[in-house]
Amino acid sequence: KNEVEQSPQNLTAQEGEFITINCSYSVGISALHWLQQHPGGGIVSLFMLSSGKKKHGRLIATINIQEKHSSLHITASHPRDSAVYICAVQASGSRLTFGEGTQLTVNP
Amino acid sequence: ETGVTQSPTHLIKTRGQQVTLRCSSQSGHNTVSWYQQALGQGPQFIFQYYREEENGRGNFPPRFSGLQFPNYSSELNVNALELDDSALYLCASSSKIDSGPSYNSPLHFGNGTRLTVT
């Protein structure tokens, strides 16, 4: 079993839909990162959080430390949101452990 | 503020050769991490450098080595290339709090170097 599990693996939505991507992890962490990767390979950091909730534009990330679970929500989805979304956890120390990613496709 | 830049963007090497990949960190960041991402998979941690010293290593053999320079730029060296080394190599810079394991800034990733070993 991977230390970081994401669901779903693939997600197709219509423009305007509300989207949720889930991340569960099995280790104690100091921070959790949500990342966005476009087809060219470049990765953009969306959120780094260790508790509660963060919001940036149409994106919202939540984390429940007790349940070892985080969610990334996208409101009013748009085709430009199509990308791979990756959850990564930072345990004590330096390394990040990544989930396999969720491929999101938003159709117009 | 400059972002993280990696070079080259693409590289083709033959099995058994050696390769050096380069990363220029975000200005003000003292920590750089390297990751290997095989096609269709999440990135795997190779190692991290903090203030020019290795500060954590993933499950990669010694033929993967690195350097961090005083200006916080970094190199990843891979010797005796194998076919399975074909992947996207990503570096990420951040700023680490000196007194503990935590970052005080989000990670900034480069666009990666696509390495193909034939």
(request) Please state whether the side chain, the backbone, both or neither of Ile43(A) comes within less than 4.5 Å of a heavy atom of chain B. (result) both
(request) Please look at Gln37(A) and chain B and tell me whether the side chain, the backbone, both or neither of the residue comes under 4.5 angstrom of a heavy atom of that chain. (result) side chain
(message) Any non-hydrogen side-chain atom of Leu35(A) less than 4.5 Å from a side-chain atom of Pro43(B)?
(response) no
(message) So Leu96(A) and Leu107(B), do their side chains get closer than 4.5 Å, heavy atoms only?
(response) yes
(message) Could you see if Phe47(A) belongs to whatever hydrophobic cluster contains Phe18(A)? Use Ile, Leu, Val, Met, Phe, Trp, Tyr and a side-chain cutoff under 4.5 Å.
(response) no
(message) Is there a path of hydrophobic side-chain contacts, each under 4.5 Å between heavy atoms, that joins Ile46(B) and Phe109(B)?
(response) no
(request) Measure distances from Gln6(B) to the heavy atoms of chain A and classify the residue's part below 4.5 Å as side chain, backbone, both or neither. (result) neither
(message) Centre-to-centre under 6.0 Å for Phe45(B) and Phe98(A), is that the case here?
(response) no
Tell me if the [atom1] atom of [X] is crowded by more than 12 foreign heavy atoms within 6.0 Å.
{"X": "Asn71(B)", "atom1": "CG", "value": "yes"}
{"X": "Ile65(A)", "atom1": "CD1", "value": "yes"}
{"X": "Leu83(B)", "atom1": "CG", "value": "yes"}
{"X": "Arg15(B)", "atom1": "CZ", "value": "no"}

(message) Can you tell me how far apart CD (Gln90(A)) and OG (Ser94(B)) are? Round to the nearest 0.5 Å.
(response) 8.0 Å
